[in-house]
Amino acid sequence: MNLKLSFVFTVLFVCAAIAQNGNPNDYLSAQFHKERREALRAKMPQNSVAVFFGNPIRNRANDVDFIYHQDPDFYYLTGYKEPNSVLVIFSNNQTNKDGKSFNELLYVQEKNPRAEQWTGVRLGTEGAKKELGFENAFNGAAFLNSGIDYASFDTVFFKEFEEDTRNSKNEKADLYKLIGAFKSQIGYNEKVKSQMDSNVQNEINAKKSITSKKATINTKSILTYMASLREKKSKEELVLLTKAVRISAMGQREIMKAMHPGMSETEIQGIHEFVYKKYGSEFEGYPSIVGAGNNGCVLHYIENSKMKVENDLVLMDLGAEYHGYTADVTRTIPANGKFSTEQKLIYDLVYDAQEAGIAAAKVGNNFNMPDAAARKIISVGLVKLGIVKTEQESRKYFPHGTSHHIGLDVHDPGLYNAFEADMVVTVEPGIYIPNGSDCDKKWWGIAVRIEDDILITTNGPVNLSAEAPRKSNEIEALMNEKSVLDTFSVPSLD
């Protein structure tokens with residue numbers, strides 16, 4: 001892509017998502033979230049209720065919290081991005097004391113001018129009704145004494161608690177209090193929880209549920225319901241997910257042009273993430289992985305602390321998150337712009353394996369077929385190169401799976417059966433040969449992973465991240481181009 005086209009693409013890409021007030025206007029619609037709730041309700045058995053809680057606020061240090069990130073299931077069903085919230089979905093219509101019918105309830109943070117001055121404007125109940133389309137939205141405090149008779153339902157669905165919430169002195173209906181009230185209302189207690197964890201009651205474990213004094217509690221089936229919904233993406237979701245993937249591919253392109261041996265892993269990470277922000281990506285979907293040489297052999301290496309990448313291969317596994325949807329794209333490139341003989345042999349072997357894996361990502365194929373196809377090529381190749389003696393040994397140099405779903409989570413939930421149209425999955429074979437491995441020393445410290453995000457269609461797999469070069473010769477060619485960062489420097493602090 002030439003510089004002029006790249007500039008035009010950037011302008012159109014960013015401007016199309018900006019409303020007149022300067023804020024993005026391309027979030028998922030209220031109708032999307034409503035349809036997702038209806039789809040969940042259709043899976044629930046008669047006379048059941050499902051209760052979802054927002055994510056807790058995570059503390060970073062002292063009085064500083066991490067940037068809040070909503071529970072993906074909660075966001076998928078509501079579009080609500082604030083903490084201290086509850087969603088209740090009924091399988092059948094209920095009637096309130098005024099005789100009005102309803103089948104869902106949303107509890108949100110109460111408007112609070114003083115709190116909003118410090119942490120931002122809250123949507124409140126009226127905002128939840130107007131912007132999210134809920135007819136029945138209440139302040140969280142109403143959930144503390146909701147009056148819902150859980151004992152009247154055959155089943156109460158919810159996700160098991162992680163017990164990682166804090167009790168805030170400043171919120172009268174924080175997540176800690178909301179969960180506590182719910183536990184009390186359904187008769188949940190620690191004795192029940194220990195029975196679930198210790199497999200004491202075989203019959204109960206077989207049914208994945210447990211009966212307390214007041215209600216039949218099921219914490220497993222809701223995971224299956226949500227996985228079955230989220231593994232296939234709607235048209236609205238594909239727009240956002242594709243944008244996240246293309247942003248990530250652009251980050252890979254820019255670093256290929258900017259890379260040089262004097263860079264640090266952190267600087268490389270910064271260039272990727274700067275490109276993400278330039279395109280309007282709010283966050284990274286997961287901690288950025290930039291591993292030079294032997295550091296690339298650590299699959300989830302996030303320290304990114306090496307001061308100079310020198311002439312190593314640099315493995316870069318990063319994904320932009322755009323409006324909640326995250327990409328997962330990996331490229332491995334030579335810091336000096338040219339693959340050595342050994343580096344190229346390993347790289348091209350992984351590339352061939354990935355090609356076979358992508359080809360196997362077709363409608364009707366079993367989810368493990370890309371892995372089988374890629375693993376066969378790598379196993380035969382490592383034997384041919386003399387790195388292993390038998391194909392069975394190759395797993396120590398290719399220790400992870402090849403594919404997973406992506407979406408609101410980088411490892412999105414799914415049933416992992418056969419591929420269906422509108423799934424988006426990764427195909428990511430790799431070879432990692434740590435220093436000290438039982439092979440010729442010339443291979444030590446070489447780590448290669450190539451990862452792309454693949455849309456499953458009835459016409460075959462579509463590589464959404466194809467704008468980032470994959471072939472070794474194409475990478476070298478792009479790395480030979482000028483970068484807009486070539487002349488960027490900062491004053492020395494020495």
Side-chain angles (χ1 to χ4, degrees), residues 245 248-253 255-257 259 289-293 296-297 299 311-319 327-362 368-388 391 394-395 397-404 425-433 439 442-443 445-455 460-480:
V245 174
S248 304
M250 289 300 159
Q252 296 284 359
R253 288 183 63 87
I255 194 60
M256 287 181 189
K257 291 183 287 186
M259 179 80 76
I289 298 169
V290 179
C297 296
L299 300 182
N311 294 322
D312 286 333
L313 283 181
V314 183
L315 188 157
M316 305 173 295
D317 184 341
L318 305 96
D328 191 1
V329 180
T330 306
R331 292 293 183 266
T332 306
I333 66 177
N336 61 8
K338 185 73 175 177
F339 289 94
S340 71
T341 300
E342 289 75 23
Q343 290 172 348
K344 190 174 189 304
L345 285 168
I346 297 298
Y347 185 92
D348 288 347
L349 178 56
V350 175
Y351 174 83
D352 290 342
Q354 193 199 29
E355 283 285 279
I358 293 174
K362 295 181 178 180
N368 66 8
M369 289 184 70
D371 183 77
R375 196 167 294 280
K376 180 63 178 178
I377 288 177
I378 285 178
S379 298
V380 171
L382 289 178
V383 171
K384 186 176 180 180
L385 292 173
I387 295 173
V388 297
E391 292 183 24
S394 66
R395 182 167 285 276
Y397 298 123
F398 180 12
H400 60 76
T402 302
S403 297
H404 59 79
V425 303
T426 63
V427 178
E428 51 174 313
I431 296 175
Y432 316 88
I433 310 175
C439 62
K442 68 180 181 180
W443 305 109
I446 294 179
V448 175
R449 180 162 67 250
I450 312 173
E451 179 180 19
D452 284 88
D453 299 337
I454 308 300
L455 171 63
V462 175
N463 188 347
L464 299 179
S465 44
E467 286 166 301
R470 292 187 297 132
K471 293 181 179 179
S472 54
N473 64 321
E474 292 177 350
I475 289 172
E476 290 177 341
L478 185 56
M479 293 187 74
N480 198 41

| field | Heavy-atom closest contact (A374 atom, P429 atom, distance) | value | CB-CB, 4.1 Å

| K338/Q343 under side chain to side chain contact (heavy atoms under 4.5 Å, CB included): CA gap, chis, key distance, verdict | CA-CA 9 Å; K338 185 73 175 177; Q343 290 172 348; over 6 Å; no

| query | Atom SG in C297, atom CG in L315: separation rounded to 0.5 Å? | reply | 9.0 Å

| Shortest non-hydrogen contact between L382 and S394, atoms and distance | CD1-CB, 3.7 Å

| said: For a 4.5 angstrom cut-off between non-hydrogen side-chain atoms, does I454 reach T426? | reply: no

| query | Taking all non-hydrogen atoms of both residues, which atom of A249 and which atom of E467 are closest, and how far apart? | reply | CB-CB, 4.3 Å

| Any side-chain heavy atom of K376 within less than 4.5 Å of one from E391? | yes

| query | How many angstroms lie between CG in L313 and CG in N336, if you round to the nearest 0.5 Å? | reply | 9.0 Å

| said: Is the positively charged end of R375 above the ring of F398, judged by distance under 6.0 angstrom from the centroid and angle within 45° of the axis? | reply: yes

| Spatial distance of atom CD1 (I378) from atom CZ (R395) [nearest 0.5 Å] | 11.0 Å

| Shortest non-hydrogen contact from S248 toward A327 | OG-CB, 3.2 Å

| field | Nearest-0.5 Å distance, NZ of residue K471 to CG of residue L478 | value | 15.0 Å

| query | Side chains of D452 and L464: does their closest heavy-atom pair fall under 4.5 Å? | reply | no

| query | Among V350, T332, N463, I475, which residue meets the side-chain contact (heavy atoms from CB on, under 4.5 Å) test with R470? | reply | N463

| query | Would E451 and R331 count as a salt bridge (Lys or Arg N to Asp or Glu O under 4.0 Å) if you check the C-alpha gap in whole Å, the side-chain angles of each, and the deciding distance to 0.1 Å? | reply | CA-CA 7 Å; E451 179 180 19; R331 292 293 183 266; over 6 Å; no

| query | In Å and rounded to the nearest 0.5 Å, what is the CD1 to OG distance from I450 to S465? | reply | 11.0 Å

| said: Side chains of S472 and Y351, heavy atoms from C-beta outward: is any pair under 4.5 Å? | reply: no

| query | Should we say atom CG of N480 is surrounded by more than 12 heavy atoms from elsewhere, each under 6.0 Å from it? | reply | no

| query | Any side-chain heavy atom of M316 within less than 4.5 Å of one from I289? | reply | no

| Are F339 and L345 side-chain neighbours, meaning at least one heavy-atom pair lies under 4.5 Å? | no

| Separation of I377 CD1 from K384 NZ (nearest 0.5 Å) | 12.0 Å

| query | So which heavy atom on P469 is nearest to which on E474, and how close? | reply | CB-CB, 4.0 Å

| Audit row: V290, V314, side chain to side chain contact (heavy atoms under 4.5 Å, CB included) steps and yes/no | CA-CA 7 Å; V290 179; V314 183; 3.9 Å; yes

| task | Take Q252 and L318, measure what side chain to side chain contact (heavy atoms under 4.5 Å, CB included) needs, and give me the verdict at the end. | result | CA-CA 9 Å; Q252 296 284 359; L318 305 96; 4.2 Å; yes

| field | side chain to side chain contact (heavy atoms under 4.5 Å, CB included) assessment of R449 paired with L299 | value | CA-CA 9 Å; R449 180 162 67 250; L299 300 182; 4.1 Å; yes

| task | Scan V380, V448, I387, I431 and name whichever one has a side-chain contact (heavy atoms from CB on, under 4.5 Å) with L349. | result | I431

| said: If you compare all heavy atoms of M479 against all heavy atoms of A335, which two are closest, and at what distance to 0.1 Å? | reply: CE-O, 4.2 Å

| message | Taking G319's backbone N and O only, do any of them form a donor-acceptor pair with D328's side chain (distance below 3.5 Å, no angle check)? | response | no

| So, E428 versus H404: side-chain donor-acceptor pair below 3.5 Å or not? | yes

| Would a 4.5 Å heavy-atom cut-off, applied to side chains only, mark I358 and P370 as touching? | no

| Is any side-chain heavy atom of Y397 less than 4.5 Å from a side-chain heavy atom of C439? | yes

